[in-house]
Amino acid sequence: MAMELLRRSSSRISESSGSAIALILLLFIHGAHSFYLPGVAPQDFEKGDELKVKVNKLTSIKTQLPYSYYSLPFIRPKKIVDSTENLGEVLRGDRIENAPYTFKMREAQMCNILGRVTLDAKTAKAFKEKIDDEYRVNMILDNLPLVVPIERVDQGSPSVVYQLGYHVGLKGQYEGSKEQKFFMHNHLSFTVRYHRDVQTDAARIVGFEVKPYSVKHEYEGEWSEKTRLTTCDPHTKRLVVSSATPQEVEQKKEIIFTYDVDFQESEVKWASRWDSYLLMSDNQIHWFSIVNSLMIVLFLSGMVAMIMLRTLYRDISRYNELETQEEAQEETGWKLVHGDVFRLPTNSDLLCVYVGTGVQCLGMVFVTMIFAMLGFLSPSNRGGLMTAMLLLWVFMGLFAGYASSRLYKMFKGTEWKRIAFRTAFLFPAVVSAIFFVLNALIWGQKSSGAVPFGTMFALIFLWFGISVPLVFVGGYIGFKKPAVDDPVKTNKIPRQIPEQAWYMNPVFSILIGGILPFGAVFIELFFILTSIWLNQFYYIFGFLFLVFVILIVTCAEITIVLCYFQLCSEDYLWWWRSYLTSGSSALYLFLYATFYFFTKLQITKLVSAMLYFGYMLIASYAFFVLTGTIGFYACLWFTRLIYSSVKID
């Protein structure tokens, strides 16, 4: 009862954009209420129990702009009731509302008349636009999304794949005509699959499917509540099984909406009901791609590690065996710049800020993947992944402040508050600026994907009320901790860097360095982009975590290798180059996203293209600070290690 009262009060607060404390409590309370592991918290239904069908947003892979279900003139219930959405659902554009359909457990219904709509010019245009953009209707029953089963022949054997939601309608021509017409899917044949307990006779829902049809319904006499259709009548056993006489969408056309409900017992247990949803893609290709990428990267990593260990061992042994002054004067290579290698870099404050931000991203991604692998972020918890990432980003501000201030103190800085302030605001400010522009574009399209003011206020509170203070707390802790001295002293006069070979040019080496980290993730990146932009589920977090570990190792190794070559050529300006070497993989990520846009997506509208490239720019920027920080820390550890291993006179 207390939880219900809290949820009711939090819903009112969300609608009226109430106090900041109440909003943040709403986030945690709703998350605690809807969170569960896959296979936990099933709901049993007795025969005749009412099933609550809900409608969700309309989605299109052509526009990437979601709309609420009732933005189109569909049949409405007497009262539309909004479901309470968590932060992630709101940011995804989900708008979950009650549906006018009436289901009763294990009681089949045929040719139920939902209602009729007479189209005017405005409503006909609205339907045509959504049909032309290939919008799909999404529904939910017992937390399961509605899917359309599609049969296909795979290697000689028939199989069934599932597509999320059904199309609003379709385009076509009448026989003998070339004129393009629009037709409405106005008859839905639902199938609810359930698993029955033999002892208690209670049932649990394990599947929710639909087959849409376009039917021009006919009836005799005047329209009334008791009207019986001649095109769909269970009494005469005339059912809808095809779209032979489709319902055209035109002004002044009358559209009658009908539906069937069938219940089928299934051997699938409740704990396994998501399996069919999560196995939509070709698993053999996915497995082969992941294993192939893994083998290539491990092979390259092994070679790099072996070369580095053998080369460094020989160099350190040779340098430590130099005994005479003449031999010491003739030394070349990385030892020669020992007096300059830890010299303060240009724009050291900015480097501290980016390193701290990278630590924040790294911590967020790592913890999110751990929770996802353990099953805490199941697809059944809609919006859970995005909510978890936002909260983890906020709380990882503590580590961001600590990392940036520790590096700042190593650079002999004294104004740690200034560094903490920049760390707390630089990256979020850039991302927020892009996000606000994109959100304005979505508002202009009247899409449900636009973030409401109440949610915007909650995001600002998370940033200023929690993240910023934690960054300052971490900065204080990091700055007060004693600094670690460099293994060698820095000369007062900087050494002149000799002319470099073309292959050691900073721009060239940085661009080359980003190829290997990108190569470790680009195959998995294809599946991630497909799940995001083609409206499919992604739940192979075990593989993703493995790829993430490979990415960390690859970023570290390629940066160490190029840093070693740079020092051997007597170039000691390694601080920023180490960050940019692995961080340049973000450039290849954005280029691949551009390639994916033109080869895999069907986006034609300018606003939709701007949304795609805007969000991919944010993702590439985050990938830059993440991979750059990994490379920087690897190179910092490497330089400290090698210069502390040789005798410096």
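Note that the structure is predicted; figures quoted are calculated from it, not measured. Any value given below was found using the heavy atoms of this structure, including those in side chains, with hydrogens, waters and symmetry copies removed.
Taking both residues in full, the closest heavy atoms of Thr346 and Trp576 are given as O-NE1, 2.6 Å, listed atom of the first, atom of the second, then distance. Contact record, Ile419 with Val353: O-CG2, 4.1 Å, taken as the closest heavy-atom pair. Looking at every heavy atom in both residues, Thr414 comes nearest to Phe479 through O-CZ, 3.7 Å. The two residues Leu567 and Tyr643 make their nearest non-hydrogen contact at CD1-OH, 4.0 Å. Across Val341 and Tyr572, no two heavy atoms sit closer than the pair CA-CB, 4.0 Å. Closest non-hydrogen pair, Cys555 versus Pro517, comes out as SG-CB, 3.7 Å.
Panel note: side chain Asn439, backbone Val451; a donor-acceptor pair is recorded below 3.5 Å. Under a 3.5 Å cut-off, the side chain of Gln445 and the backbone N or O of Ile442 do not form any donor-acceptor pair. Under the 3.5 Å distance criterion, the side-chain polar atoms of Glu557 are left unmatched by any main-chain donor or acceptor of Thr554. At least one donor-acceptor pair under 3.5 Å links the side chain of Gln566 to the backbone N or O of Leu573. Checked by atom type and distance alone, the side chain of Tyr408 pairs as donor or acceptor with a backbone atom of Glu415 at under 3.5 Å. A side-chain donor-acceptor contact under 3.5 Å links Thr627 to the backbone of Ser582. Between the side chain of Ser448 and the backbone N or O of Gly93 there is at least one donor-acceptor pair closer than 3.5 Å. No donor-acceptor pair under 3.5 Å is formed between the side chain of Asn347 and the backbone N or O of Leu350. Under a 3.5 Å cut-off, the side chain of Asp571 and the backbone N or O of Pro506 do not form any donor-acceptor pair. Ser584 places a side-chain N or O within 3.5 Å of a backbone atom of Ile510 that can act as its donor or acceptor partner.
For the atom pair Trp637 CH2 and Ile642 CD1, the distance stands at 10.0 Å (nearest 0.5 Å). Atom NZ of Lys600 is separated from atom CD1 of Ile61 by 12.5 Å, given to the nearest 0.5 angstrom. With values rounded to the nearest 0.5 angstrom, Leu374 atom CG is found 6.5 Å from Ile370 atom CD1. The CZ atom of Arg92 sits 9.5 Å away from atom OG1 of Thr387, with the distance rounded to the nearest 0.5 Å. Here Thr368 contributes atom OG1 and Leu392 contributes atom CG; the two are 4.5 Å apart, rounded to the nearest 0.5 Å. In this structure, CG on Asn86 lies 10.5 Å from CG on Leu390, to the nearest 0.5 angstrom.
Side-chain atoms of Leu91 and Leu459, non-hydrogen and from C-beta on, do get closer than 4.5 Å to each other. By the 4.5 Å heavy-atom criterion applied to side chains, Phe366 and Val549 are not counted as neighbours. The side-chain heavy atoms of Phe632 and Leu351, taken from C-beta on, include a pair separated by under 4.5 Å. Between Thr639 and Cys563 there is a side-chain heavy-atom pair separated by less than 4.5 Å. Side-chain contact check for Phe518 versus Phe623: every heavy-atom pair is 4.5 Å or farther apart. Counting only heavy atoms from C-beta outward, the side chains of Phe411 and Pro345 approach each other to under 4.5 Å. Within the 4.5 Å cutoff, the side chain of Gln64 has heavy atoms near those of the Ile603 side chain. Using a 4.5 Å heavy-atom cutoff, the side chains of Met410 and Leu636 are in contact.
Contacts of Phe624 classified as ring-ring contact (aromatic ring centres under 6.0 Å, His included), with partners at least two apart in sequence or in another chain: Tyr579.
For Phe526, the CZ atom sits in a packed shell: over 12 heavy atoms of surrounding residues, nucleotides or ligands are nearer than 6.0 Å. Other residues, nucleotides and ligands contribute at most 12 non-hydrogen atoms within 6.0 Å of the CZ atom of Phe399. Counted within 6.0 Å of CZ on Phe597, heavy atoms from surrounding residues, nucleotides or ligands total more than 12; the atom is thus considered enclosed.
Taking the centre of each ring, Trp443 and Phe436 stay at or above the 6.0 Å mark. Aromatic ring centres of Trp574 and Tyr564: separated by at least 6.0 Å.
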### Query
Does the pair Trp416 and Phe421 meet the rule for a ring pair (Phe, Tyr, Trp, His ring centres under 6.0 Å), with working shown?
CA-CA 9 Å; Trp416 68 270; Phe421 179 83; over 10 Å; no

### Task
Would you please test Ile528 and Leu544 for side chain to side chain contact (heavy atoms under 4.5 Å, CB included) and show each step?
CA-CA 9 Å; Ile528 295 174; Leu544 186 60; 3.7 Å; yes

### Message
Using side-chain hydrogen bond (donor to acceptor under 3.5 Å, both in side chains), reason through Tyr402 and Lys481 one step at a time and then give a plain yes or no.
### Response
CA-CA 10 Å; Tyr402 178 85; Lys481 187 176 180 180; 3.2 Å; yes

### Query
side chain to side chain contact (heavy atoms under 4.5 Å, CB included) between Arg577 and Leu580: does it pass, once the steps are laid out?
CA-CA 5 Å; Arg577 193 185 292 192; Leu580 297 174; 5.7 Å; no

### Query
Between Val471 and Leu398, does a side chain to side chain contact (heavy atoms under 4.5 Å, CB included) hold up when you go through it step by step?
CA-CA 5 Å; Val471 172; Leu398 181 70; over 6 Å; no

### Query
Would Val367 and Met396 count as a side chain to side chain contact (heavy atoms under 4.5 Å, CB included) if you check the C-alpha gap in whole Å, the side-chain angles of each, and the deciding distance to 0.1 Å?
CA-CA 10 Å; Val367 178; Met396 287 296 164; 3.6 Å; yes

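The aromatic rings of Phe522 and Tyr592 lie perpendicular to each other, with more than 60° between the two planes, well past the 30° mark.
Screening Trp393, Phe427, Phe435, Phe425 for a ring-ring contact (aromatic ring centres under 6.0 Å, His included) with Trp463, the sole residue that qualifies is Phe425.
A donor atom on one side chain and an acceptor atom on the other are found under 3.5 Å apart for Tyr596 and Thr530.
The side chain to side chain donor-acceptor pair (under 3.5 Å) analysis of residues 421-438, with sequence neighbours excluded, yields the pairs Ser404-Thr423.
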Please report, to 0.1 Å, the donor-acceptor pairs under 3.5 Å made by any side chain of residues 606-621, with sequence neighbours excluded.
from, atom 1, to, atom 2, distance (Å)
Ser608, OG, Thr63, O, 2.5
Tyr612, OH, Ala593, O, 2.6
Ser620, OG, Met616, O, 2.8
Tyr621, OH, Tyr354, OH, 3.0

